[in-house]
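Here the structure is laid out as structure tokens; the discussion comes afterwards.
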There are 2 protein chains.
Amino acid sequence: MEKRQATIKDVAVAAGVSFKTVSRVLNQEPNVRQELQDRVRAAAAALGYVPNIAARDLAGGRSFLIGLMFDNPSEAYIGQAQTGAITRCRETGHLLIVEPLDSADDTQRTLDSILSHLRVDGLILTPPVCDNPMVLEAIERAGVRYVRIGPDRDLDRAPFVAMDDVAAACDLTRHLLDLGHRDIGFIKGHPDHGATSRRLEGFLRAMTEAGLTVAPERIQPGAFSFESGMEAAETLLSGPSRPTAIFASNDDMALGVMSAASRAGFSVPGDLSVAGFDDSPAAQMAWPQLTTIRQPVAAMSAAAVDMLVEARAPGRVREPIANRWLGYQLIARGSTAPPKRP
Amino acid sequence: MEKRQATIKDVAVAAGVSFKTVSRVLNQEPNVRQELQDRVRAAAAALGYVPNIAARDLAGGRSFLIGLMFDNPSEAYIGQAQTGAITRCRETGHLLIVEPLDSADDTQRTLDSILSHLRVDGLILTPPVCDNPMVLEAIERAGVRYVRIGPDRDLDRAPFVAMDDVAAACDLTRHLLDLGHRDIGFIKGHPDHGATSRRLEGFLRAMTEAGLTVAPERIQPGAFSFESGMEAAETLLSGPSRPTAIFASNDDMALGVMSAASRAGFSVPGDLSVAGFDDSPAAQMAWPQLTTIRQPVAAMSAAAVDMLVEARAPGRVREPIANRWLGYQLIARGSTAPPKRP
DNA sequence: ATGAAAGCGCTAACAC
DNA sequence: GTGTTAGCGCTTTCAT
């Protein structure tokens with residue numbers, strides 16, 4: 001059988017101080033002499049002391065639990081989000097609770113029930129739940145603090161961590177420019193999504209910075225679907241002159257572009273370079289593989305944990321959490337190459 | 001701001017009893033008159049009372065946290081396991097904690113650290129961590145109760161929930177027999193895996209029950225890999241007489257069989273029926289789609305939660321947890337059909 | 001069958 | 001700077 005876990009009092013006795021001083025050291029509160037801090041830490045280490053979460057919760061109102069709420073069709077995305085969150089949680093002494101939501105049964109009652117039993121210091125929401133009004137309302141009603149990952153709407157409603165879509169689109173466009181492309185088509189995303197305008201903005205900025213102007217017909221509407229990418233590509237490739245590269249606002253549309261291109265007799269990347277966005281699993285299955293932008297999912301959820309934990313640090317006033325914009329990763333693969341005719 | 005959460009005392013006042021009686025009702029302890037039970041429950045419901053987990057933990061030593069530890073390459077498997085576990089956790093008032101392990105950094109120190117901070121009522125282990133000796137030792141050292149899902153080795157070491165491989169293999173064989181097959185080849189799995197012999201046993205049992213004898217050359221070795229399936233199929237299909245169906249001990253090998261068959265000029269299922277095991281994602285992507293056995297992953301993790309929760313029910317002596325064998329699902333798809341020549 | 005008292009391990013106010 | 005005194009909300013004794 002196990003020996004009884006050491007408590008804060010055991011540490012206090014071993015260090016020759018009052019147990020309150022131990023508490024101060026553990027919580028990094030000010031007003032403890034360096035010498036005592038060292039003694040306390042040494043004693044804690046020697047005893048293998050681990051604070052009792054339940055007691056800290058009961059007395060201090062902090063559960064040291066972080067919740068991850070999701071309702072995402074992509075298992076891979078969830079896996080990355082969990083990994084990133086748990087890694088940071090371990091560093092901060094928190095535990096990660098998962099709360100998968102099944103859009104089917106998410107009645108208001110179910111949500112309220114889940115939330116009333118949930119006792120976390122903060123909740124992380126991934127897309128698309130992070131944009132679900134009913135969920136957000138339930139969480140706010142329950143008075144739980146939350147951080148959204150890559151939200152699409154209502155950016156002022158709550159703190160979030162997101163990828164810098166503008167910079168990423170800018171960078172991806174520069175990749176095409178560096179390859180030698182000058183005439184680049186762009187396919188917009190679904191108009192309801194916030195990312196749509198940000199990606200367009202990044203594209204235009206890079207083009208402008210390169211001293212290029214973009215003809216209006218080079219910018220086609222899309223809807224983030226394979227079909228919409230195909231249709232847009234047909235339009236872009238049918239005119240009297242055609243672009244040497246197409247930047248689709250996501251991978252699904254980029255795949256549609258590749259399909260339309262091959263049907264029209266153009267080879268990728270020989271006759272046409274194609275770039276996507278998201279690095280979805282399909283991006284690697286396509287042939288040639290898609291050049292795209294990968295979201296830093298693990299880093300985003302890790303950052304979300306940080307934001308939540310910091311917001312509840314001892315002696316912290318309840319001030320608003322600042323949003324964070326994280327870097328992305330440009331994945332250059334086979335679907336982009338220098339244009340044949342300069 | 002939120003109103004203060006109702007406590008057990010509020011419920012007691014509302015119900016006109018002592019708060020200890022409320023505690024008894026909530027914990028389903030004996031010795032409370034039915035009338036009082038009803039009154040307490042009504043009061044609790046009216047106040048929207050939810051027990052404080054931290055307080056229960058501190059006083060009673062139960063955290064109402066269940067941990068799910070995994071290190072599994074298959075995101076889909078993990079997703080199902082999580083869904084099944086969380087569903088049951090919600091019913092029992094528990095929270096689910098995830099502990100992904102990264103085989104790379106699982107030093108003994110890391111494991112001990114993780115486990116010392118983990119404060120759960122029980123741990124669920126999925127394959128392959130559930131067969132990792134270092135992990136099991138660390139958990140036992142930490143004195144944490146655990147249940148394994150689909151373990152492969154050391155079945156007596158700790159309670160587990162598993163699929164009945166023998167029955168499933170038996171059933172899948174019967175499916176082939178019912179289709180009219182009499183000469184069936186079998187490809188064994190990797191010799192190190194416990195499932196290997198169980199699946200063979202099920203196959204042989206069904207054949208025997210059908211009054212058939214199996215020639216030794218109809219049973220080929222394999223290693224659960226695509227290549228080993230291919231090689232085994234080449235052997236099975238090259239002899240003077242060939243089976244009309246092949247039962248591979250997992251999907252990867254079944255896919256190898258299909259590949260070898262088409263290379264040898266046999267069509268599936270026209271000339272040869274092929275059955276696999278596992279219902280891996282690839283089983284649906286193949287053409288024709290694979291007839292196979294699906295493991296009840298979600299049901300298994302739900303059962304694991306049950307076993308853990310029941311073991312800690314109030315007034316429960318610490319008696320051993322009984323293992324559970326769960327049903328499987330036979331997924332009949334296009335790769336199996338009646339034989340051409342009877 | 002019910003209630004009263006004690007205390008789980010810690011943090012939050014206060015003292016000194 | 002450091003220690004003391006109260007609880008947090010519940011379960012556990014132990015009375016009755």
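Only this structure's heavy atoms are used, side chains among them; waters, hydrogens and symmetry mates stay out. Residue numbers begin at 1 in each chain, while the letters A, B, ... track the order of the sequences. Since the model is a prediction, treat every value here as computed from it, not as a measurement.
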Quiz item: In terms of side-chain heavy atoms of A/R56, which of D/dT11, C/dT11, C/dT2 is nearest?
Solution: C/dT11
Quiz prompt | Closest to the B/I8 side chain, choosing from C/dT11, D/dT11, C/dA13 | solution = D/dT11
Quiz prompt | Closest listed nucleotide, where the reference is the side chain of B/R24 and the choices are C/dA5, D/dC8, C/dG3 | solution = C/dG3
Exercise. Could you please name the option among D/dT11, C/dG3, C/dT2 that lies closest to any side-chain atom of B/R33?
Key: C/dT2
Quiz item: Taking for each residue the nucleotide of DNA chain C with the nearest heavy atom, is it B/T21 or A/V22 whose nucleotide lies nearer the 5' end?
Solution: B/T21
Exercise. Using a 4.0 Å heavy-atom cut-off across all strands, classify B/Y49 as base, sugar-phosphate, or nothing.
Key: sugar-phosphate
Quiz item: Are side-chain heavy atoms of B/L96 and A/E99 found at a separation under 4.5 Å?
Solution: no
Self-check item: base_contact_polar (C/dA12 base, A/K20 side chain, donor-acceptor, <3.5 Å)
Solution: yes
Exercise. May I have the distance from A/I53 (atom CD1) to C/dC10 (atom P), rounded to whole angstrom?
Key: 11 Å
Exercise. Quickly work out the B/E35 CD to C/dA1 P distance and round it to whole Å.
Key: 14 Å
Quiz item: Among the nucleotides C/dT11, C/dC10, D/dG9, which one has an atom lying closest to any side-chain atom of A/S23?
Solution: C/dT11
Exercise. Measure from CD on A/Q37 to C1' on D/dG1 and round the result to the nearest Å.
Key: 11 Å
Practice problem: Send over the distance from B/N27 CG to D/dT12 C1', rounded to a whole Å. | Solution: 11 Å
Quiz item: Under 30°, 30 to 60°, or over 60°: which ring-plane class applies to B/H94 and B/F64, parallel, tilted or perpendicular?
Solution: tilted
Quiz item: Given atom CG of A/L58 and atom C1' of C/dC8, what is their separation to the nearest angstrom?
Solution: 9 Å
Quiz item: What closest approach, in Å, do B/M69 and B/V129 show between heavy atoms, and which atom pair accounts for it?
Solution: O-CG2, 3.6 Å
Exercise. Compare the minimum distances between each of C/dC10, C/dC14, D/dC10 and the side chain of B/T7, then state the nucleotide with the smallest one.
Key: D/dC10
Quiz item: OP1, OP2 of D/dC8 versus side-chain N and O of B/N52: anything below 4.0 Å?
Solution: no
Quiz item: Is A/P51 touching bases, backbone alone, or none of the nucleic acid, heavy atoms closer than 4.0 Å?
Solution: sugar-phosphate
Self-check item: Minimum-distance nucleotide (side-chain atoms of A/E29 versus C/dA6, C/dG9, C/dA12)
Solution: C/dA12
Quiz prompt | Nucleotide C/dC10, atom C1' - distance to CZ of A/R62 in whole Å | solution = 12 Å
Self-check item: Any side-chain heavy-atom pair of A/M163 and A/L326 under 4.5 Å
Solution: no
Quiz item: Charged N to carboxylate O below 4.0 Å: is that the case for A/R145 and A/D121?
Solution: no
Quiz item: When the distance from CZ of B/F64 to C1' of D/dG9 is rounded to whole Å, what number comes out?
Solution: 13 Å
Quiz prompt | Nucleotide of D/dG1, D/dC10, C/dC10 approaching A/N31 most closely (side-chain heavy atoms) | solution = D/dG1
Exercise. Starting at atom CG of B/L26, determine the distance to atom P of D/dT11, rounded to an integer number of angstrom.
Key: 7 Å
Practice problem: For B/D57, answer base if it contacts any base atom (sugar-phosphate contacts may also be present), sugar-phosphate if it contacts only those atoms, and nothing otherwise; contact means non-hydrogen atoms under 4.0 Å. | Solution: nothing
Exercise. Return the minimal non-hydrogen interatomic distance between A/Y146 and A/R157, and the atom names on each side.
Key: OH-CG, 3.8 Å
Quiz item: Picking from D/dG9, C/dA5, C/dT11, which would you name as closest to the side chain of B/A59?
Solution: D/dG9
